[in-house]
Amino acid sequence: MSFSILLITVLITAIVLVAAAYLIAKLIGPRSYNKVKGEPFECGVPTRGSSWIPMSMGYYLFAILFLMFDVETLFLYPWAVVVKEFGVAAMFSIGFFLLVLVFGLAYAWRKGALEWK
């Protein structure tokens with residue numbers, strides 16, 4: 001029962017803090033609304049035409065692959081710190097983890113996700 005009370009307390013606190021921050025920003029924040037501020041803006045150059053243009057799927061695939069290998073690095077560092085304490089079981093588990101990542105990279109490479117067309 002104490003866990004549920006703690007969870008409810010944390011959720012209520014989070015909601016109150018977010019609402020208070022939003023309200024304070026609305027009350028004391030600067031207000032200058034004009035037409036230019038509402039226009040799409042890219043790298044200091046005003047856009048011509050619609051800013052809702054289709055993007056190449058290559059950008060999204062490249063971002064997903066980057067995240068995959070970023071997460072790999074995130075998991076490899078703590079493992080490298082404690083590998084001596086866990087022994088052979090840790091070696092097999094991280095070996096399997098790396099094998100799955102290598103197969104993922106090979107699959108992406110074979111499908112052409114790493115090529116810019």
Side-chain angles (χ1 to χ4, degrees):
M1 180 148 167
S2 65
F3 178 73
S4 61
I5 292 173
L6 179 66
L7 182 63
I8 291 170
T9 305
V10 168
L11 288 175
I12 290 173
T13 304
I15 291 169
V16 167
L17 288 176
V18 168
Y22 182 75
L23 183 65
I24 290 170
K26 279 292 189 185
L27 290 176
I28 66 173
R31 292 181 192 95
S32 63
Y33 303 107
N34 57 34
K35 185 180 177 186
V36 175
K37 286 183 84 172
E39 292 181 6
F41 197 70
E42 179 71 30
C43 299
V45 178
T47 57
R48 284 181 261 152
S50 174
S51 60
W52 290 97
I53 58 173
M55 297 293 290
S56 171
M57 280 302 293
Y59 294 113
Y60 299 110
L61 292 174
F62 195 78
I64 289 172
L65 287 172
F66 173 77
L67 287 175
M68 182 178 79
F69 289 107
D70 193 34
V71 169
E72 171 193 2
T73 305
L74 182 74
F75 283 126
L76 283 178
Y77 181 73
W79 170 80
V81 171
V82 296
V83 68
K84 287 184 182 180
E85 296 174 20
F86 292 115
V88 178
M91 292 295 288
F92 282 121
S93 65
I94 202 64
F96 180 72
F97 178 71
L98 290 174
L99 186 67
V100 169
L101 286 173
V102 167
F103 281 141
L105 177 62
Y107 177 78
W109 199 334
R110 184 172 178 153
K111 288 291 185 178
L114 302 176
E115 297 175 8
W116 292 104
K117 295 178 184 178

Quick one: pull up [atom1] in [X] and [atom2] in [Y] and give me the separation to the nearest 0.5 Å.
{"X": "Thr73", "Y": "Leu101", "atom1": "OG1", "atom2": "CG", "result": "9.5 Å"}
{"X": "Leu76", "Y": "Phe69", "atom1": "CG", "atom2": "CZ", "result": "11.0 Å"}
{"X": "Ile8", "Y": "Thr13", "atom1": "CD1", "atom2": "OG1", "result": "11.5 Å"}
{"X": "Leu7", "Y": "Ser2", "atom1": "CG", "atom2": "OG", "result": "11.0 Å"}
{"X": "Leu11", "Y": "Leu6", "atom1": "CG", "atom2": "CG", "result": "9.5 Å"}
{"X": "Leu23", "Y": "Leu27", "atom1": "CG", "atom2": "CG", "result": "4.5 Å"}

Shortest non-hydrogen contact between Ala80 and Val83, atoms and distance:
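Scanning both residues completely, I find the closest heavy atoms to be O-CG1, 3.7 Å.
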For a quick test of reading the model, state the closest non-hydrogen atom pair linking Lys26 to Arg31 and the distance between them.
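Shortest heavy-atom contact: O-NH2, 2.6 Å.
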Applying a strict under-4.5 Å side-chain criterion to I, L, V, M, F, W and Y, I'd like to know whether [X] and [Y] cluster together.
{"X": "Val10", "Y": "Leu17", "value": "no"}
{"X": "Phe97", "Y": "Leu105", "value": "yes"}
{"X": "Phe86", "Y": "Tyr77", "value": "yes"}
{"X": "Ile64", "Y": "Phe75", "value": "no"}

Take a 6.0 Å sphere around CH2 of Trp109 and say whether it holds more than 12 heavy atoms from other residues, nucleotides or ligands.
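Incorrect, the count does not exceed 12.
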